[in-house]
Student: 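My questions all concern the structure below.
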Amino acid sequence: MPSSVQILGTGQLVTLSRRMRAAGGPRLRQNMARRIRRAAEPLQRDLQQAIRTQPITSEGRKRNRDGRMGRGGPSPTTRPLRATLAGGVRISVRQGASPGARVWMDRSRLPRDVRNMPWVINSGRVRHPVFGNRRRWATQWARPSGWWARTTAAGVPRMRAEVERVLGDVRRDLE
């Protein structure tokens with residue numbers, strides 16, 4: 001289930017933030033925030049790429065009673081689903097009491113009718129009405145499931161190591 005990936009509130013970040021505030025270096029704080037954001041950007045790109053390339057398959061169209069293929073038609077919406085979902089992956093960098101970086105799915109950037117879709121696709125089973133007809137439903141499968149969990153598990157160690165490196169550089173600048 002997509003949630004946020006956070007690296008924040010660690011003792012090193014808190015003490016470093018206090019020392020930077022005491023040193024009065026806004027340029028140093030901005031530099032650290034920019035570098036922490038850059039450390040999180042590869043994970044954001046990976047998550048966006050994962051949802052853009054997530055295969056969603058169906059059983060195909062059913063045949064009518066007389067053996068012919070069922071009726072079909074164009075999609076009722078023109079927006080691309082996966083690109084819309086990829087646009088909802090965001091980064092936020094915080095400074096202050098609990099400094100750190102967070103990569104998260106911003107539901108407010110998604111259209112109202114697909115706000116739960118990242119979690120639905122992550123579960124692996126997408127059930128929806130056929131062309132908006134609530135009396136006829138279709139099931140589609142997002143395989144492999146867990147696009148958020150797999151991508152974050154692969155990207156968080158790299159992000160954490162980069163943040164540690166940034167902290168070391170800032171600590172050396174303060175000394």
Side-chain angles (χ1 to χ4, degrees), residues 1-10 13-14 17 26-27 29-58 73-134 136-167 170:
M1 172 171 217
S3 61
S4 63
V5 176
Q6 300 179 35
I7 297 180
L8 49 87
T10 63
L13 281 171
V14 173
S17 178
R27 188 181 58 95
R29 274 199 311 272
Q30 289 172 350
N31 186 26
M32 182 175 124
R34 186 180 73 245
R35 290 182 66 192
I36 289 176
R37 175 176 288 281
R38 283 193 183 147
E41 284 173 354
L43 179 58
Q44 179 192 27
R45 279 194 303 272
D46 291 348
L47 285 166
Q48 289 173 334
Q49 186 63 25
I51 191 62
R52 280 189 184 113
T53 58
Q54 175 69 44
I56 300 175
T57 58
S58 69
S75 172
T77 63
T78 57
R79 66 174 183 262
L81 174 67
R82 292 180 191 92
T84 303
L85 296 177
V89 179
R90 306 233 1 236
I91 299 174
S92 61
V93 176
R94 294 193 297 179
Q95 296 176 353
S98 63
R102 178 178 173 209
V103 179
W104 54 293
M105 179 61 76
D106 186 1
R107 293 178 61 181
S108 68
R109 294 184 88 184
L110 301 176
R112 202 175 264 319
D113 59 337
V114 295
R115 290 214 171 137
N116 287 329
M117 194 56 71
W119 292 269
V120 171
I121 291 175
N122 194 56
S123 72
R125 181 174 176 239
V126 180
R127 190 159 162 74
H128 61 89
V130 176
F131 295 109
N133 179 0
R134 295 217 163 260
R136 186 170 175 129
W137 288 75
T139 301
Q140 291 182 293
W141 301 98
R143 297 286 187 235
S145 63
W147 67 274
W148 183 273
R150 279 183 289 111
T151 308
T152 55
V156 166
R158 179 179 59 197
M159 182 176 155
R160 186 167 280 129
E162 181 65 22
V163 169
E164 294 283 334
R165 193 172 67 77
V166 168
L167 291 176
V170 172

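Every value quoted in this text rests on a predicted model; they were computed, and no experiment measured them. If you read the sequence from its start, that first residue is 1, and numbering goes on from there.
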Student: Measure the spacing between CD of E164 and CD of E162 and express it to the nearest 0.5 Å.
Tutor: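 Here the rounded value is 10.5 Å.
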
Student: What heavy-atom pair brings A50 and W147 nearest, and what distance separates the two atoms?
Tutor: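 What the structure gives for the nearest pair is CB-CE3, 4.2 Å.
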
Student: Where do M105 and L110 land on the side chain to side chain contact (heavy atoms under 4.5 Å, CB included) test, with the steps shown first?
Tutor: CA-CA 9 Å; M105 179 61 76; L110 301 176; 4.3 Å; yes

Student: Identify, with sequence neighbours excluded, every residue that meets side-chain contact (heavy atoms from CB on, under 4.5 Å) alongside S92.
Tutor: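 Residues passing side-chain contact (heavy atoms from CB on, under 4.5 Å) with S92: R102, W104.
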
Student: When rounded to the nearest 0.5 angstrom, what is the spacing between CZ in R125 and CD1 in I56?
Tutor: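 R125 atom CZ to I56 atom CD1 measures 14.0 Å (nearest 0.5 Å).
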
Student: Measure across Q54 and P144 and return the closest heavy-atom pair with its distance rounded to 0.1 Å.
Tutor: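 For Q54 and P144, the tightest heavy-atom pair comes out as NE2-O, 3.1 Å.
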
Student: Run V89 and R109 through side chain to side chain contact (heavy atoms under 4.5 Å, CB included) and show every step you take.
Tutor: CA-CA 9 Å; V89 179; R109 294 184 88 184; over 6 Å; no

Student: Might you confirm whether atom CZ of R127 has over 12 heavy atoms from other residues, nucleotides or ligands at distances under 6.0 Å?
Tutor: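 Yes, enclosed.
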
Student: Please output the side-chain donor-acceptor pairs of residues 32-40 that fall under 3.5 Å, not counting sequence neighbours, one pair per line with the distance.
Tutor:
from: R34; atom 1: NH2; to: N31; atom 2: OD1; distance (Å): 2.7
from: R35; atom 1: NH1; to: D169; atom 2: OD2; distance (Å): 3.4
from: R35; atom 1: NH2; to: D169; atom 2: OD2; distance (Å): 2.6

Student: Measure from the side-chain N and O atoms of T151 to the backbone N and O of W148, and report whether any donor-acceptor pair falls under 3.5 Å.
Tutor: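 No, because the side chain of T151 does not come within donor-acceptor range (under 3.5 Å) of the backbone of W148.
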
Student: With rounding to the nearest 0.5 angstrom, report the CE to OG1 distance, M117 to T84.
Tutor: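 These two atoms lie 10.5 Å from each other.
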
Student: On a heavy-atom basis, which atom in R90 and which in Q44 lie closest, and how many Å separate them?
Tutor: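 Shortest heavy-atom contact: CA-NE2, 3.9 Å.
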
Student: Got a second to check how far L43's CG is from Q48's CD, nearest 0.5 Å?
Tutor: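 Between atom CG of L43 and atom CD of Q48 there are 10.0 Å.
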
Student: Can you name the side-chain contact (heavy atoms from CB on, under 4.5 Å) partners of T53, sequence neighbours left out?
Tutor: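 Result, side-chain contact (heavy atoms from CB on, under 4.5 Å) vs T53: Q49.
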
Student: Work out which heavy atom in H128 is nearest to a heavy atom in Q140; give both atom names and the distance.
Tutor: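 So the two residues come closest at NE2-OE1, 3.0 Å.
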
Student: Would you compute the distance between atom CD1 of I51 and atom CG of N122 and round it to the nearest 0.5 angstrom?
Tutor: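 Taking CD1 in I51 and CG in N122, the distance rounds to 8.5 Å.
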
Student: Roughly how far, to the nearest 0.5 Å, is CE of M159 from CD1 of I91?
Tutor: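 One finds 7.5 Å between CD1 of I91 and CE of M159.
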
Student: If I compare all heavy atoms of R82 with all of P55, which pair ends up nearest, and what's the gap?
Tutor: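 The answer is NH2-C, 4.3 Å.
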
Student: Starting from the C-alpha separation in whole Å, work towards a yes-or-no answer on side chain to side chain contact (heavy atoms under 4.5 Å, CB included) for T57 and R143.
Tutor: CA-CA 8 Å; T57 58; R143 297 286 187 235; 5.6 Å; no

